[in-house]
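A short write-up of the structure that comes next.
For this chain, numbers begin at 1 and follow the sequence in order.
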Amino acid sequence: MGTTRSTPGGISEGSCRPCPAGFFCPSLGLSSLTGSCVTLSKCPSDPRASSPTALPCPQGHFCQPGAARPAPCHRGEYQPSLGSDTCLLCPPGFYCPHAGTGVPRLCPAHAYCPAGTWSPRLCPPGTFTPQDASGLQEEGDCSVCPPGHYCRGGQVWGKCPAGYFCPPGTSELMTPGPKESQTLCLQGQLCAQQCPPGFYCPEGSGGPTLCPLTVAAAPGAKQQEDCRPCPPGRWCKAGDPATHPCPAGHYCPGGSETHPGTPQACPEHTYLAAEGGQSQAECLPCPAGYHCSSPGLSSFEGHPCPPGHWCPGDQGAFLCPPGTFRTEPGASLWEDCELCPPGYYCPEAQLRGQATVFPIACRAGSECPAGAVAEVSCRAGSYCGPQTGVPPLCPGGYACPAGSSTYSGPGQLCEFPYYCPPGSTHPLACPGGSEALNGSGLRISKESCCRLCEAGTYRNRAVDALPCQPCPARFSCHQGTESYHSQPCPVGHYCPAGTHNPRPCPSGTFRNSSQEGAAGECLPCPAGTFSARPGQTGCLPCGSSAFSPPGASHCTCRGLNRVFQKSDGSCICQARHESSDERGLQSDESDGAEDCQPQLPVLAVRLSRRAL
């Protein structure tokens, strides 16, 4: 059996050929491979009783060369075709449960089937698959158990019980009770965990829920009502069943629906040294000289008032006022800030952007008196070296404009025709009406460097270097004259060049306009007028009883023995003379043009009157 012979004339057993792969030869004397058997189930129970023809290898089997009978495929393999000499590995997502499998079976729900599987593998603990999910190929196709549940055998077995929480991937429960009755959590598995202190876990919890503003009384709390308030003065840490004293620098009002149980820092400018504070009122104000700048301080001693500030204690740190500074820490009053010394300045710290810890040296050309807030340009008439408080006066013979850092710099020495008394801001010119003297030594005073212009000369202050000039004609210049324009020659006078006193026009002449330069410009009085005194602006008339030639200084009476009166221009009889008017009345003081006769004795006059 297991061989065939298709041609006659065989001479030995070696002339028979082996049954080819995919077929089997169940009897002796076979000469052909073909036969009517299609599947093993349709073949006779004893193939040797059939026709001596080789049969095709049936499904679920394989036939090696020379095989007398088909061999069934092993578990985990299959063969869907006839006449095969090998079996196929069961594909992923399917399983081949027994020997001789012709068609693989679909992997059921809650399991997975990698290649070559003969029995479905349940999803590992802590994973699951939905009821309608089949044909999974590997372990990674199983889903992680959802939070709040636990999973066994590839299925969700139930919710996590109250008092416990089940994170994703939980596979077992750790239940309270006798040790022998508890489910053991094997290595590599994730079991349900008891709710920790400070939390509560309702049924189906995937994680513990923090007790709000309170702390849980014990582990395994099942609902929020199992949480109790944190007492005042105590600190309840999340997840810690024990209470702790409220730390120093803080107060703990206790847990409630409106206030957290966590420590509250004492506010700025306060501190609290002891533990167990219950309210903000227990926080003490920072003492004067210290600066409690941050909340939650347990001591003030390490926080002295910083330099450049003063600290009343409960109000923070204040900058030292402008014009003061503070080098050492610990100032409690603004008076503790030191006054800026002379030669230094202490600017306003708020504008500067930093506290004034050290005074700033005053620069050359500036002055800084005690308490200075800023540098001030050195005052005019003084000079300021570095760190000058009160500047010294500029010495005589030098000029110090504003901002001078020395008195002997370029251009500061006084030179002819100027002089510089002590404290000069700039060189001074000799005043108008005087001229500069060019002598040796420092030019310090007006008395030593200037002299008045002599009478008949003048000098305008606008012309610094020129000496005194002669007074021009038609003007007069007294001693020390600055401008001759203010002293024109007056009417009735004339002024030649160099005049210091105006000269009057001579008697018999006049001048009714000013600024005359020579005597020839005085006009003679016209005929019938006179000018009895010099310096007249006009001539007086002689009157009807007198006459005069041009340029007369007096008038001549027309009647004999008469005298001209300059005061009123009348002609009266001279002494012991008299005249008679038309009525025959005699007088010696009346004006007239007739001649005056010598007076007769008194008796002769009476007899003469009787004769009449």
Under a plain distance cut-off of 3.5 Å, with no hydrogens placed, do [Y] and [X] share a side-chain donor-acceptor pair?
{"X": "Thr324", "Y": "Glu338", "result": "no"}
{"X": "Ser483", "Y": "Ser486", "result": "no"}
{"X": "Tyr344", "Y": "Gln387", "result": "yes"}

Flag yes if more than 12 heavy atoms outside [X] fall under 6.0 Å of its [atom1] atom; otherwise flag no.
{"X": "Glu454", "atom1": "CD", "value": "no"}
{"X": "His500", "atom1": "NE2", "value": "no"}
{"X": "Phe300", "atom1": "CZ", "value": "yes"}
{"X": "Arg533", "atom1": "CZ", "value": "no"}

Exercise for the section: Flag the pair Ser366 / Cys384 as yes when at least one side-chain heavy-atom distance between them is below 4.5 Å, and no otherwise. Expected result: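 They are not in side-chain contact.
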
Exercise for the section: Report yes if some heavy atom in the side chain of Pro208 is under 4.5 Å from a heavy atom in the side chain of Cys201; otherwise report no. Expected result: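 Yes, their side chains come closer than 4.5 Å.
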
Salt-bridged, [X] to [Y], with N to O below 4.0 Å?
{"X": "Arg461", "Y": "Glu482", "answer": "yes"}
{"X": "Arg443", "Y": "Glu415", "answer": "no"}
{"X": "Arg451", "Y": "Glu435", "answer": "yes"}

Problem - SG atoms of Cys311 and Cys286 less than 2.5 angstrom apart - result: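 A disulfide is absent here, as the SG pair of Cys311 and Cys286 is separated by 2.5 Å or more.
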
Exercise for the section: Determine, for cysteines Cys453 and Cys468, whether their SG atoms are under 2.5 angstrom apart. Expected result: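 A disulfide is present here, as the SG pair of Cys453 and Cys468 is separated by less than 2.5 Å.
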
